[in-house]
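The chains referred to below are lettered A, B, ... by the order of the sequence lines, with proteins before strands, and numbering in each begins at 1.
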Amino acid sequence: MVEFIQLLINGILLGSILALGAIGATMIFGVLRFAHFAHGDLMAVGAYFALAVVTIFNLPVLVALPVAMVLTAALAVGIDQVVYRRIRRVQPVILLISSFATALILRSLIQMIWGSSNQVYATGIQMPWRLGPFVLKPDHLLIFAAATGLVVLVHVFLTRSRMGKAMRAMSDNMNLALITGIPANRVIMWTWAIGGALAAAAGVFLGMDTRLHPVMGWTLLLPIFAATILGGIGRPYGAILGGLVIGCAMELSTLVIPGSYKPAVAFAIMVVTLIFRPQGIIKGAA
Amino acid sequence: MEIAGLIAYAIFLLNLVGIYAIMVLGLNMQWGMTGQFNIGVAGFFAVGAYTTAILTTEPAANWLGGFELPFLLGLVGAVVVCWPIAWVVGRITAGLRTDYLAIATIGIAEIIRLFFLNEGWLSNGTRGIPGIDKPFGVGNLGYLLIVLGFVALTYTLVEIARRSPWGRVLRAIRDNEAATAASGKNVAQFRLQAFVVGACIMALGGGLYAHFVGFISPEAFRPLYGTFLVWVMLIAGGSGNNKGAVLGALVVWLIWSSTEMLAGLVPTALIGSESAFRVFLIGVLLQIILVSRPQGLLPETRPPMPGEGKR
């Protein structure tokens with residue numbers, strides 16, 4: 001039982017990181033209709049941007065977080081303007097392959113600039129809190145609080161601001177949204193900016209929880225897609241739910257199968273969802 | 001000496017071009033002809049390579065092996081083992097739209113790789129399977145002839161398939177699924193057939209690969225080498241066109257190897273890691289192709305209809 005709850009705590013932590021990535025991926029999927037394969041590597045780039053701020057200016061990682069978010073948002077918008085915008089009209093599949101190439105470019109750039117060995121934001125051992133039989137690191141609480149804060153911000157943005165409403169409208173019904181005169185190009189840019197910023201946050205949190213590595217984002221990409229699909233494509237709230245479910249399932253699976261199969265659990269949930277309920281838990285865009 | 005070294009390198013290169021060409025032809029069956037977005041090429045590649053390796057190597061204590069079957073039976077085994085796996089994968093993903101199919105197939109390919117990575121009794125885990133000999137005691141040159149023979153055979157078969165009524169139905173499904181179904185074709189059945197045939201061709205490529213490099217480990221079946229390069233080759237060569245598929249394999253592999261020389265010219269201090277720089281270059285190249293010439297070097301041409309005279 002103790003082990004179960006401990007794994008559940010780890011699962012919620014992993015789940016909130018996945019959820020942040022999945023919100024961006026699902027919005028890009030909803031508005032632009034393609035699976036963005038570079039999303040995981042965008043996360044990694046965000047994490048390394050924060051590392052640069054931490055090492056160059058000697059600042060704590062929470063101060064570096066907003067800087068990394070802004071830089072990654074700018075990068076995401078830039079990639080869209082330089083590459084994706086030109087091929088948006090050709091075929092969604094070309095976009096998909098192109099995002100695969102973007103993923104490789106980003107990852108190799110990280111390797112070229114920062115090297116391929118593991119890195120950490122802060123060296124030294126952080127003393128964990130012991131609450132009875134449970135172990136909780138202060139970082140975990142911080143990550144969870146920050147992730148919750150960001151999700152609330154996204155919620156307010158999507159429900160209260162004009163741009164957020166336009167974004168949801170485009171995700172729901174593209175043609176109807178365009179007829180009503182929604183500025184499609186600006187909505188797309190905002191989608192990339194928010195997706196990039198959230199990806200950066202997810203990357204930084206992942207780096208705080210474990211360590212930084214060039215493939216850290218790629219390994220989380222498929223769990224993020226799994227969360228996206230499970231939650232329903234184009235549904236930010238579904239993505240949060242999907243992220244938590246996938247995160248907990250991955251951690252809890254170690255009770256019954258070897259830990260090295262953890263990623264496979266996420267894929268299996270995803271494949272089962274695709275077969276039995278392709279619209280996701282919360283009915284998504286078809 | 002210089003010339004001899006160059007020739008030896010060219011033979012080595014062409015072997016890999018031929019092996020990749022076979023896999024590109026398999027992918028062309030799935031994507032170019034039927035429009036199935038399979039980015040799990042590495043999974044079938046791995047199944048073929050491991051099956052061949054296990055069937056043809058000498059007995060070993062650490063992993064399943066020691067059947068010591070002859071070369072050709074090993075390749076047949078690769079195809080036979082891949083068949084049911086591809087059938088199941090094709091069956092469960094049959095109803096999925098393009099982008100869902102993409103995500104599902106890459107997930108399945110990763111599960112296959114994790115399986116070979118973790119099931120040490122079968123595949124010796126990360127240490128991989130060594131000692132897969134080339135058949136009939138041939139060297140690289142002799143093996144090149146064998147590979148080219150298989151390329152020619154595969155090319156002929158897929159070209160016959162492309163011109164056949166069967167190939168016409170596949171293209172019809174790709175271009176307009178509803179109309180094909182309306183004219184009484186069992187779309188799901190044809191799709192599944194194309195998927196399985198394509199996957200088995202990839203497994204054949206995997207088997208030939210295992211014999212050529214002589215050693216396989218899960219590292220070789222990461223999405224980059226197993227899937228991405230194959231896709232770049234098909235897109236660059238021209239999807240839907242079998243000649244384009246082979247040409248794409250040649251051109252992209254030449255570029256991929258020349259990036260090695262290019263990376264050698266640039267000072268390491270500037271680029272950090274040579275392999276990362278190569279991946280970077282190939283990624284940029286693909287973006288340029290996609291933006292400027294999405295139809296590839298050799299665009300698809302329609303085969304003549306039966307009874308249609310040569311003009």
Toward chain A, the part of B:Leu286 with a non-hydrogen atom under 4.5 Å
side chain

Could you check whether any side-chain heavy atom of B:Leu114 comes within less than 4.5 Å of a side-chain heavy atom of A:Pro263, counting everything from C-beta outward?
yes

For A:Leu96 and B:Ala102 the tightest heavy-atom approach is CD1-CB, 4.3 Å

Contact leader toward chain B among A:Ala264, A:Ala35, A:Ser98, A:Ala226, where contacts are heavy-atom pairs under 4.5 Å
A:Ser98

Quick one: what part of B:Ile235 sits under 4.5 Å from any heavy atom of chain A, side chain, backbone, both or neither?
side chain

In terms of heavy-atom proximity below 4.5 Å to chain B, should A:Leu104 be classed as side chain, backbone, both, or neither?
both

Taking it one step at a time, do B:Phe228 and A:Phe100 satisfy side chain to side chain contact (heavy atoms under 4.5 Å, CB included)?
CA-CA 8 Å; B:Phe228 185 64; A:Phe100 208 103; 3.1 Å; yes

Is there a side-chain contact between A:Phe37 and B:Ile106 (heavy atoms, below 4.5 Å)?
yes

Main-chain N/O of A:Ala101 paired with B:Gln287 side-chain donor or acceptor, under 3.5 Å
no

Using non-hydrogen atoms and a 4.5 Å limit, figure out which bit of A:Thr102 sits close to chain B: side chain, backbone, both or neither.
both

Distance col, row A:Phe267:CZ vs B:Ile112:CD1, nearest 0.5 angstrom, shows 11.5 Å

Separation of B:Ile103 CD1 from A:Thr228 OG1 (nearest 0.5 Å):
7.5 Å

Which heavy atom in B:Ala276 sits nearest to a heavy atom in A:Ser108, and how many Å separate them?
O-CB, 3.0 Å

Spacing of CD1 belonging to A:Ile97 relative to CG belonging to B:Leu290, to within rounding of 0.5 Å
6.0 Å

How far apart are the closest heavy atoms of B:Gly107 and A:Leu222, and which atoms are they?
CA-CD1, 4.4 Å

Examine whether an atom of A:Leu221 lies under 4.5 Å from a heavy atom of chain B, and if so say whether it belongs to the side chain, the backbone or both; otherwise answer neither.
neither

Using heavy-atom distances under 4.5 Å, tell me whether A:Phe225 contacts chain B through its side chain, its backbone, both, or neither.
side chain

Measuring heavy-atom distances to chain A, does B:Ile39 have an atom under 4.5 Å in its side chain, in its backbone, in both, or in neither?
side chain

With a 4.5 angstrom heavy-atom cut-off, could you sort out which part of B:Phe280 is near chain A: side chain, backbone, both or neither?
both

Measuring heavy-atom distances to chain B, does A:Trp114 have an atom under 4.5 Å in its side chain, in its backbone, in both, or in neither?
neither

